Amino acid sequence: MLLSRRQFAVPFPPNSSSRSHASKKKSRRFHGGNQLIPLLESCKSIGQIPQLHALVIKAGQDRNPLVLFKMLRLCSKLSSMDYALRVFETILVPDVYHYTALLEGHVALASPRSAIELYFRMVGEQIRPDAIVIAYVLKACASVLALPDGRQVHCQVLKLDLGRERPIKMRLMELYARCAQFEDAKLVFGETPERDAVAATILVSSLSDHGLLEEARAVFDSVLDKDTVCWTAMIDGYVRNGLANAALDLFREMQRECVRPNEFTVVCILSACSQLGALELGRWVHSYVGKNNVRLNAFVGSALVDMYAKCGSLEEALVVFDEMEEKDVVTYNSMIAGLAMHGRSNEAVKVYEQMVRDGLRPTQLTFVGVLNACSHSGLVDVGFEVFESMAKDYELEPRIEHYGCMVDLLARVGRLEEAYEFAKGMRVEPDHVIWSALLSACKIHGHLSLGEKVAEILIDSEAADSGTFVLLSNVYSSFGKWKEAARIRANMRGKGILKEPGCSSIRVDNEIHEFLLGDIRHPRRKEIYMKLEDLNGVLRQEGFVPAKDVVLQDIEEEEKEWALAIHSERLAICFGLIATEPGTTLRIVKNLRVCSDCHSMIKIIAKVTGRRIVVRDRNRFHHFEDGSCSCGDYW
DNA sequence: CTAGGGTTAG
């Protein structure tokens with residue numbers, strides 16, 4: 001549920017100075033505020049706050065500390081902090097409870113800075129903090145990594161002798177662990193009951209956040225009685241550090257131990273599936289959700305949409321999306337990004353429009369998805385409209401990734417000079433990625449002079465990684481500038497930068513088969529290469545001319561070998577053709593982008609073999625069917 | 001105490 005600012009700004013009833021003529025008869029109905037409290041506790045809607053407040057005033061209860069506390073708490077609970085603050089300012093002598101009620105609201109609303117300030121204001125007023133406010137303020141400190149403030153609170157804890165309170169211990173651990181002060185965290189941990197699962201979970205997740213997985217695992221293994229949350233924290237640690245396979249192994253172990261997964265666990269596992277492109281397992285998790293009353297909330301649903309989209313089954317993503325009842329911003333963002341990834345740009349824009357109609361407020365990531373969709377299909381006008389509406393309608397300042405999409409959008413359709421001007425006029429400094437996008441478009445559209453200008457910027461920037469070098473070298477080769485191409489490669493070698501090897505994988509019978517460039521390690525290599533020969537013959541009959549011949553003149557011997565080697569996706573496809581039943585869809589995952597030569601080749605393979613071939617690229621999907629590709633050769 | 005969405009380049 002999303003509330004606009006307008007909904008927060010509810011009218012404020014007259015203050016106590018103007019209520020002196022309130023009816024004495026009516027106020028008797030709320031004797032001592034006793035009847036008011038249940039009303040304040042049961043209220044569920046922001047709109048009713050002013051009426052309740054008016055009742056409090058009429059009943060002459062606006063000096064009753066308990067009633068005021070409940071009032072503040074109600075405002076905090078309903079995220080109406082403006083109103084809460086105004087009530088707070090009317091309190092002559094606020095006590096710890098009043099401060100706590102406000103702090104609660106700030107912590108829940110993710111404005112921890114205000115919570116911390118408020119706490120120190122309270123201490124400044126000589127009000128003695130109790131264990132509960134301290135737990136709240138420590139949570140606030142932990143969430144914004146405010147270590148010095150947190151340490152100061154810790155000193156107060158020791159002075160007030162509250163160090164043995166369990167909630168405080170947990171928060172102190174969280175604070176120190178999140179701020180990477182693991183020695184301090186373990187000191188506090190040492191004081192907790194032996195192998196406390198909750199305390200261990202805090203450590204496990206903070207250690208993983210800092211990439212210290214082995215230490216996290218050691219803490220995890222030391223816990224005797226692990227609950228679902230503890231297991232999930234460790235699984236999540238693996239997923240967030242890119243170790244999806246380790247996460248899945250641990251998940252299987254969790255099931256062997258008969259610990260039931262909950263919504264959180266399922267979300268983590270789905271995220272692991274997305275990383276791996278593991279469609280079958282993802283489907284299994286989906287059916288598990290259905291059978292084991294795991295609630296299909298917005299989190300689970302969004303993770304499912306994301307998983308199906310990233311595993312290549314956009315249709316299933318759409319089914320989940322359409323059937324979901326609790327869609328939130330993230331759900332829409334996942335669907336939009338998924339459609340963009342599959343080149344279904346117009347639908348992505350439609351979902352965006354539907355989201356706005358449904359009253360949801362788009363976020364930065366929504367725009368990343370929509371603009372990305374536009375650049376994948378050359379929708380320049382829509383792209384600019386959406387880009388401009390970011391700031392105008394949603395007060396969102398475009399970030400470098402949004403500018404990146406725009407430069408890419410212009411450059412890919414061939415409006416290179418405009419793209420260049422756009423990049424120079426950005427409100428943020430363009431990075432090497434933006435220049436690379438532009439350079440790549442210069443190559444596609446054969447614009448040498450601009451390409452050289454951009455190449456110079458890239459070489460000077462020192463931010464170049466292996467991808468930039470490979471791109472530069474390819475650009476020079478495509479313009480026939482062999483010497484420059486060789487120089488770039490030498491430069492790259494000199495700096496000790498290695499090209500990331502192209503690698504494609506395909507899953508057959510529950511087993512992942514990986515192929516590198518010109519790979520000859522596979523046990524069925526003979527059949528694979530025979531199939532390739534066989535296809536090459538058919539392709540020639542279909543009139544397919546490999547583009548390589550053109551590029552081969554004038555390059556060094558070593559380069560030649562590299563250019564001649566067989567791209568990994570071809571090997572994966574040939575293996576798929578011989579290892580699966582005719583008619584089976586082939587799903588290939590590749591770590592780099594498909595080159596245009598392979599792209600044209602796969603189109604024909606799909607046609608002559610009657611197969612659907614789905615290729616997951618570095619950054620999008622290609623669906624090959626009957627001689628054409630879903631990207632319309634624009635990618 | 002644990003959870004979902006991420007651009008551009010090779």
Side-chain angles (χ1 to χ4, degrees), chain A residues 170-171 173-174 177 196-206 208 223 227-237 239-240 261-271 274 297-307 309-310 328-338 340-341 363-376 398-409 411-412 419 423 430-441 443 454 458 464-475 499-502 590-595 617-620:
Chain A
M170 295 297 156
R171 296 302 182 196
M173 266 189 49
E174 191 183 3
D196 179 316
V198 176
T201 304
I202 296 174
L203 265 189
V204 165
S205 79
S206 315
S208 320
V223 182
D227 60 3
T228 302
V229 181
C230 192
W231 281 96
T232 306
M234 191 66 238
I235 291 172
D236 178 55
V239 176
R240 293 161 88 104
N262 64 11
E263 286 79 9
F264 286 72
T265 324
V266 161
V267 167
C268 294
I269 296 302
L270 286 171
S271 170
S274 298
N297 61 17
F299 276 83
V300 174
S302 307
L304 278 170
V305 169
D306 177 65
M307 179 278 295
K310 287 202 182 126
D328 69 2
V329 197
V330 180
T331 320
Y332 278 95
N333 288 355
S334 310
M335 194 66 253
I336 292 169
M341 209 182 291
T363 64
Q364 305 266 11
L365 283 176
T366 315
F367 289 103
V368 170
V370 180
L371 295 176
N372 186 27
C374 293
S375 84
H376 280 173
R399 296 190 197 164
I400 189 123
E401 52 266 47
H402 302 107
Y403 286 110
C405 293
M406 296 310 286
V407 171
D408 186 55
L409 170 58
R412 251 196 258 245
D431 59 2
H432 73 109
V433 186
I434 287 192
W435 293 125
S436 299
L438 184 49
L439 180 58
S440 153
K443 178 182 137 200
V454 176
L458 274 168
D465 58 5
S466 78
T468 315
F469 279 105
V470 174
L471 173 64
L472 271 173
S473 148
N474 289 350
V475 167
K499 182 189 182 294
E500 186 181 334
K590 182 170 187 197
N591 65 339
L592 303 177
R593 295 189 63 178
V594 193
C595 77
D617 212 32
R618 178 89 173 194
N619 66 338
R620 61 166 296 164

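Below, chains carry the letters A, B, ... as their sequence lines are ordered, and counting in each starts from 1. Computed from a predicted model, the values in this text were never measured in an experiment.
Side chain to side chain, A/Asp306 and A/Ser274 meet the donor-acceptor criterion of an N or O pair below 3.5 Å. The closest side-chain donor-acceptor pair between A/Ser208 and A/Ser205, if any, does not fall under 3.5 angstrom.
OP1 or OP2 of B/dT8 sits under 4.0 Å from a side-chain N or O of A/Asn372. Applying the 4.0 Å criterion to OP1 and OP2 of B/dT7, one finds that A/Arg412 has every side-chain N and O outside that range. Contact check, A/Lys443 against B/dA9: no side-chain N or O comes under 4.0 Å of OP1 or OP2. Neither OP1 nor OP2 of B/dG6 sits under 4.0 Å from any side-chain N or O of A/Arg399. In this structure, A/Arg620 does not reach the B/dT7 phosphate: none of its side-chain N or O atoms is under 4.0 Å from OP1 or OP2. At B/dA9, one or more side-chain N or O atoms of A/Asn619 fall inside 4.0 Å of OP1 or OP2 (strictly under the cut-off). The shortest distance between the side-chain N/O atoms of A/His376 and the OP1/OP2 oxygens of B/dT8 is below 4.0 Å.
Listed by chain and number, the residues in a side chain to side chain donor-acceptor pair (under 3.5 Å) with A/Lys590 are A/Glu569 (sequence neighbours excluded). Residues passing the side chain to side chain donor-acceptor pair (under 3.5 Å) test with A/Thr331 are A/Ser302, A/Asp328, sequence neighbours excluded.
Atom CH2 in A/Trp435 sits roughly 18 Å away from atom P in B/dT8 (whole-Å rounding). Between the CD atom of A/Gln364 and the C1' atom of B/dG4 there is a distance of 18 Å, rounded to whole Å. Computed from coordinates, the A/Leu458 CG to B/dA9 C1' distance equals 9 Å when rounded to whole Å. Nucleotide B/dT2 holds its P atom 14 Å from the CE atom of A/Met234, rounded to whole Å. Atom CZ in A/Phe264 sits roughly 10 Å away from atom P in B/dG4 (whole-Å rounding). Atom CG in A/Asp236 sits about 6 Å away from atom P in B/dG4, given to the nearest Å. At whole-Å resolution of the value, CG in A/Asp196 and C1' in B/dC1 are 9 Å apart. Atom CZ in A/Arg240 sits roughly 15 Å away from atom P in B/dC1 (whole-Å rounding).
Among the heavy atoms of the strands, none lies under 4.0 Å from A/Thr228. Residue-level contact check: A/Lys590 touches neither bases nor backbone, having no heavy atom under 4.0 Å from any strand. Across all strands shown, A/Leu471 has heavy atoms under 4.0 Å from sugar-phosphate atoms exclusively, and none from any base.
Of the candidate nucleotides B/dA9, B/dA3, B/dC1, B/dC1 has the atom lying nearest to any side-chain atom of A/Val198. Closest contact between the side chain of A/Ile202 and the listed nucleotides B/dC1, B/dA9, B/dG4 involves B/dC1. The side chain of A/Leu365 lies closest to B/dG6 when the candidates are B/dA3, B/dG6, B/dC1. Distances from the side chain of A/Val368 to the nucleotides B/dA9, B/dG6, B/dC1 place B/dG6 closest.
One donor-acceptor pair, N or O on each side, does fall under 3.5 Å between the base of B/dG4 and the side chain of A/Asp328.
Looking at A/His376, its side chain never comes within 3.5 Å of a backbone N or O of A/Ala373 through a donor-acceptor pair. Under a 3.5 Å cut-off, the side chain of A/Asp431 and the backbone N or O of A/Ile434 do form a donor-acceptor pair.
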